[in-house]
Amino acid sequence: MYNFKEVEKKWQEKWYAEGTFNAKNDYSKEKWYGLVEFPYPSGQGLHVGHPRSYTALDIIARKRRMQGYNVLFPIGFDAFGLPAENYAIKNHVHPKITTEKNINHFREQLKALGFSFDWSREVNTTDPNYYKWTQWIFIQLYKHGLAYKATMPINFCTGCKVGLANEEVVNGVCERCGSPVVQKEKSQWMLKITEYAQRLIDDLDDVNFLDKIKAQQINWIGRSEGAEVNFKISGTDDNLLIYTTRPDTIFGATYMVIAPEHELIKKYKDRITNIDEVEEYKKKAALKSDFERAELNKEKTGVEIKGIKAINPLTNKEIPIWISDYVLITYGTGAIMAVPAHDTRDFEFAKKFNLPIVPVIIEKPKDYDNNRESLELLEKEIDAKFAYCFGDDQKRNMSEPFTDVNNGIAVNSDFLDGLESKDAINKVIEYIEEHKIGKRTVNYKLRDWVFSRQRYWGEPIPMVYCEKCGWVPVPEEELPLRLPEIDDYEPGENGESPLAKQEEWINTTCPHCGGKARRETDTMPQWAGSSWYYLRYMDAHNDKALASKEALEYWSPIDWYNGGMEHTTLHLLYSRFWHKFLYDIGVVPTKEPYAKRTSHGMILGSNGEKMSKSKGNVINPDDIVEEFGADAFRVYEMFMGPFDQTASWSMESIRGCMKFLDRVWNMQEFLVDGDKYSEKFEKMMHKAIKKVSSDIEEMKFNTSVATFMTMVNEFYKEKQINKAEFTTFLQLLNPFAPHMTEELYQKIGGTEELAYKAWPTYDETKTIEDEIEIPVQIKGKVRATITIKKDEDEEVVKQKAKEAIASQIEGKKIIKEIYVKNKIYNIVIG
RNA sequence: GCAGAUGUGGCGGAACUGGCAGACGCACAGGACUUAAAAUCCUGCGAGGGUUAAACCUCGUGCCGGUUCGAUUCCGGCCAUCUGCACCA
């Protein structure tokens with residue numbers, strides 16, 4: 001009987017004491033750097049989701065070692081963060097203590113699963129020797145104008161009392177605590193990620209990320225092409241600048257809308273006749289949470305700004321200006337031209353407030369070929385269809401706006417008439433550029449990164465404010481700027497950082513002029529430490545630089561990075577941004593940090609729902625290791641389904657995997673001598689090596705495990721396995737179930753460790769069967785199977801096949817015969 | 001609404017560039033071993049028909065249609081579920 005407890009403990013102790021898996025500092029060898037996302041050491045301990053990702057890359061890392069690479073497969077802890085701080089507020093335990101305790105627990109758990117991590121390079125983002133370099137990077141960003149302080153409306157979590165990045169607001173509530181998020185004006189440190197927006201899109205071409213990851217990042221960055229156009233404000237020399245992606249619809253712009261926060265209102269306070277009403281609307285809008293404002297199916301609201309009007313620069317008609325919260329101050333210019341006939345939101349608004357709807361695009365007729373004649377026909381059609389739009393008595397009974405940019409023809413639009421929408425866009429941009437009323441513009445949805453948190457448990461932002469000199473970075477030789485030890489972790493009244501109460505720490509001298517100055521009391525967000533941790537692993541103990549040039553040169557880029565889809569628009573994008581910056585200032589040698597990025601599916605509870613305490617469906621990895629062992633746990637997580645898809649936990653299935661491992665263990669009972677594969681199993685061995693080797697590369701671990709099971713079934717049928725076969729089998733299985741396979745290999749007389757034994761190779765010619773069974777079909781339906789020799793002469797096969805179905809084709813006329821070599825024979829009879 | 005994915009037995013899932021649908025596992029059933037049970041080993045297992053038993057036949061990969069000698073796979077159109085984003089002009 002296999003005693004997994006004893007065996008697993010034995011090997012783990014050996015591995016971690018000897019540093020079996022530590023990367024070598026031999027830079028002459030070919031390297032491979034595999035990375036998994038380091039965990040946040042929460043109080044709950046490891047989640048069963050972690051081992052899914054970790055086992056997968058552990059398998060690849062182990063295979064790479066056997067293939068002779070110098071492998072770096074590190075781990076660490078992303079240990080700054082709210083839970084430790086919230087725990088501190090409640091229980092008055094310093095986050096440092098909780099964090100340390102949790103890390104120790106995590107380390108134990110990770111070791112108990114036998115991952116081949118290089119523990120000598122463990123990093124911890126809360127270690128001053130680590131965050132020294134996080135702060136250093138921030139200072140470089142500041143020096144290069146990419147970190148700046150700005151007062152702006154931010155997402156403010158009413159629960160955590162912290163400003164949040166857009167990415168941290170989910171459905172209008174705080175991603176972490178679930179409290180509503182409101183808008184608040186606050187002075188914040190910002191990082192100019194927008195400066196890198198285009199490169200973050202373009203350079204995706206050079207990396208091997210899953211398409212869905214690329215798509216999601218591109219989507220998030222949200223590039224759109226359009227134009228900015230100035231609309232004159234009637235009776236002034238002033239303009240209202242708008243952004244639109246559909247400048248071709250400008251002849252249909254019947255009113256303007258500005259965001260509630262737009263400066264126009266302040267500027268024309270005195271001319272606006274209903275200023276009270278407008279101010280009232282502004283106030284209401286400010287009080288709404290982001291969620292309320294963005295809520296769908298909500299009735300549009302707004303107020304016409306009376307006393308000022310705009311002039312449509314193409315029709316020269318005066319049109320009203322409205323204020324409404326469906327226009328966002330944070331996107332474009334905070335103002336739009338409304339074209340209700342061709343925009344869903346404008347349409348809804350126009351309907352509600354009874355504003356004119358003028359169609360200027362018509363769906364392209366099927367046989368439209370862009371000539372005069374077609375156009376005249378088209379115009380007649382339009383006259384009939386939209387006669388009501390142009391009279392004084394506008395009925396506005398258009399049932400829905402026409403918004404398809406790929407399928408429209410401009411009408412009722414002067415010089416654009418008859419053009420397809422795409423051409424019309426170009427032509428109108430030419431026009432507005434020529435007449436200096438606007439220009440072609442690109443916009444991104446991506447916003448600059450709000451980098452301040454009003455929290456204690458984060459990296460202090462190494463900046464000092466001096467009345468005379470303004471913001472001055474802490475001199476680099478004074479880094480790390482340590483977090484002061486405090487007792488009171490409560491945020492301040494107005495959502496200030498707990499550090500704001502530490503007068504002694506705050507008061508300092510200006511590094512620039514030596515006068516009195518005060519420290520920044522905000523800290524960095526959790527994403528800071530994780531934005532560059534992969535660099536630190538390359539040279540984890542360097543105190544002169546974040547990593548040495550040589551180490552960076554050798555180990556960059558990361559060959560394979562696996563992580564969760566939930567980090568696609570946060571961590572993954574942020575770290576690409578930091579990396580590109582570090583590349584620009586000559587710190588790192590590559591443009592992109594990760595050559596390849598894959599992602600694992602989530603593990604759900606056995607009821608198919610997300611694991612949560614409240615649902616009572618949480619599986620604790622410790623219990624699983626205790627009951628089934630680490631190897632069975634690993635094999636099961638790889639077997640449970642396609643790696644990139646969600647899977648539900650099943651206790652029955654893991655039992656099956658343990659049974660499989662027991663069967664492997666018991667194979668030693670019918671072990672026989674033999675230093676090469678027996679004739680019986682030779683083909684199977686070569687095929688298996690091929691299959692498992694490619695499956696691992698493609699992350700099709702589930703079918704690898706199936707292959708192992710099939711092999712074991714075959715060995716059981718013969719009640720025989722020789723030493724050569726057993727050795728290869730154990731090697732292939734080793735990355736999946738490292739403990740048992742090492743033990744077994746030792747038991748059958750292996751002298752070296754499998755961990756570095758050369759990965760088995762296969763002979764392609766030996767994977768091909770000499771005799772093949774192929775189906776014989778009549779009209780695509782299988783009627784018989786015949787056995788043929790590989791590459792058998794076509795005529796012979798046809799003859800054989802016809803014999804096999806002789807009775808069924810007798811007397812029938814053969815219309816067609818199809819033979820696909822070594823695959824299938826199909827006959828069509830009349 | 002936009003983007004991405006998924007849909008195959010009782011269940012999790014296989015099926016390489018179109019070529020025997022259901023590998024492998026779970027569950028279930030039968031048998032062997034055992035005083036007995038568990039464990040283990042062996043066998044069967046999509047549905048319907050057919051046969052003493054086989055052979056064999058029909059249907060079957062979300063739905064409708066198409067291309068093809070042949071479609072889980074390709075094309076067109078739907079439906080459902082999941083994930084991310086979303087008043088982004």
Side-chain angles (χ1 to χ4, degrees), chain A residues 1 166-167 170-171 210-220 222-224 226 242-246 249 257 259 293-298 300 324-328 330-339 342-346 348-349 403 443-447 565-566 568-569 601-602 608 636 639-642 644-657 659-660 662-663 666 691 694 698 700 702-713 716-717 719 773-785 815-820 822-829:
Chain A
M1 194 57 203
N166 279 344
E167 292 87 329
V170 176
N171 288 333
L210 290 183
D211 285 343
K212 63 175 171 181
I213 296 173
K214 288 190 186 182
Q216 219 175 90
Q217 288 209 343
I218 289 169
N219 214 27
W220 182 264
R223 180 193 156 97
S224 75
I242 61 97
Y243 172 72
T244 176
T245 55
R246 293 299 303 274
T249 62
V257 187
R293 259 181 87 157
E295 207 172 354
L296 282 171
N297 308 322
K298 188 194 68 177
K300 297 248 179 307
S324 172
D325 63 8
Y326 85 87
V327 172
L328 309 174
T330 50
Y331 186 76
T333 60
I336 62 159
M337 65 173 194
V339 186
H342 306 295
D343 180 277
T344 322
R345 296 146 301 177
D346 298 346
E348 278 170 33
F349 193 81
T403 58
N443 249 305
Y444 302 91
K445 286 192 229 173
L446 186 70
R447 302 269 69 89
M565 275 311 282
E566 70 274 19
T568 305
T569 52
M602 251 199 315
Y636 168 60
F639 187 57
M640 68 195 308
D644 60 340
Q645 276 167 42
T646 20
S648 305
W649 187 268
S650 156
M651 279 302 178
E652 288 74 39
S653 278
I654 191 171
R655 205 158 277 130
C657 291
K659 195 170 118 182
F660 156 70
D662 281 336
R663 274 161 76 81
N666 293 334
K691 173 81 176 144
S694 65
E698 291 161 42
K700 288 159 82 176
N702 52 334
T703 51
S704 280
V705 176
T707 304
F708 296 135
M709 290 171 167
T710 312
M711 289 172 87
V712 169
N713 291 344
Y716 266 74
K717 266 184 205 153
K719 285 272 180 292
E773 274 205 347
I774 66 159
V776 178
Q777 301 181 333
I778 300 176
K779 276 195 192 163
K781 285 190 176 160
V782 182
R783 295 298 169 194
T785 53
I815 296 172
K816 200 170 178 182
E817 278 181 89
I818 298 116
Y819 174 59
V820 182
N822 299 333
K823 278 267 153 98
I824 197 164
Y825 173 85
N826 191 10
I827 187 167
V828 186
I829 50 174

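Naming: A, B, ... by sequence-line order, numbering from 1 per chain.
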Practice prompt. Round to a whole Å and report the spacing from CD of A:Q216 to C1' of B:rA3.
Written response: 8 Å
Item to complete: Could you tell me whether the side chain of A:K300 has a donor or acceptor atom within less than 3.5 Å of a complementary atom in the base of B:rC87?
Response: yes
Practice prompt. Can you tell me the distance, in whole Å, between the CZ atom of A:R447 and the P atom of B:rA86?
Written response: 12 Å
Worksheet item: Taking CD1 from A:I815 and C1' from B:rG70, how many angstroms apart are they, rounded to a whole number?
Response: 15 Å
Worksheet item: Picking from B:rC42, B:rA89, B:rC24, which would you name as closest to the side chain of A:D343?
Response: B:rA89
Worksheet item: Counting side-chain heavy atoms from CB outward, which of B:rG19, B:rC59, B:rC69 is closest to A:Q777?
Response: B:rG19
Item to complete: Could you check whether A:V782 gets within reach of a base, just the sugar-phosphate, or nothing at all, counting any heavy atom under 4.0 Å?
Response: sugar-phosphate
Worksheet item: What nucleotide, of B:rA3, B:rA89, B:rA21, holds the atom closest to the side chain of A:A215?
Response: B:rA3
Practice prompt. Report yes if the side chains of A:R246 and A:V339 come closer than 4.5 Å at any heavy-atom pair, otherwise no.
Written response: no
Discussion item. Can you give me the dot-bracket string for RNA chain B, 5' to 3', counting Watson-Crick and G-U wobble pairs with both distances under 3.5 Å, using [ ] for crossing pairs and | for partners on another strand?
Written reply: (((((((..(((......[....))).(((((.......))))).((((......))))..(((((..]....))))))))))))....
Item to complete: For the side chain of A:T710, starting at C-beta, report the closest nucleotide among B:rG70, B:rA89, B:rC24.
Response: B:rC24
Fill in: Residue-phosphate contact under 4.0 Å: A:K659 side-chain N/O, B:rC26 OP1/OP2
yes
Discussion item. With a 4.0 Å cutoff (strictly under), does any side-chain N or O of A:R655 reach OP1 or OP2 of B:rA39?
Written reply: no
Discussion item. Under the criterion side chain to side chain contact (heavy atoms under 4.5 Å, CB included), I'd like the reasoning laid out for A:R447 against A:Y331: C-alpha separation, chi angles, the key distance, then a yes or no.
Written reply: CA-CA 9 Å; A:R447 302 269 69 89; A:Y331 186 76; 4.0 Å; yes
Discussion item. Whether the side chain of A:E652 and the base of B:rG25 hold a donor-acceptor pair under 3.5 Å is what I'd like checked.
Written reply: no
Discussion item. Can you classify the ring geometry of A:W649 versus A:Y636 as parallel (below 30°), tilted (30 to 60°) or perpendicular (above 60°)?
Written reply: perpendicular
Worksheet item: If you check the A:A706 side chain, which of B:rG19, B:rC20, B:rC24 turns out closest?
Response: B:rC24
Worksheet item: Which nucleotides of nucleotides 5-17 of chain B have their base under 4.0 Å from a protein heavy atom (B), which only their sugar-phosphate (S), and which neither (-), written as one string 5' to 3'?
Response: -S-----BSSSB-
Worksheet entry | Nucleotide nearest A:M709 (side chain, heavy atoms from C-beta), chosen from B:rC26, B:rC24, B:rC69 | B:rC24
Worksheet item: What integer distance in Å separates A:N826:CG from B:rA71:C1'?
Response: 13 Å
Discussion item. What's the closest nucleotide to the side chain of A:Y331 if the choices are B:rA89, B:rC59, B:rC69?
Written reply: B:rA89
Worksheet item: Just checking A:R223: base, sugar-phosphate only, or nothing, at a heavy-atom cut-off of under 4.0 Å?
Response: nothing
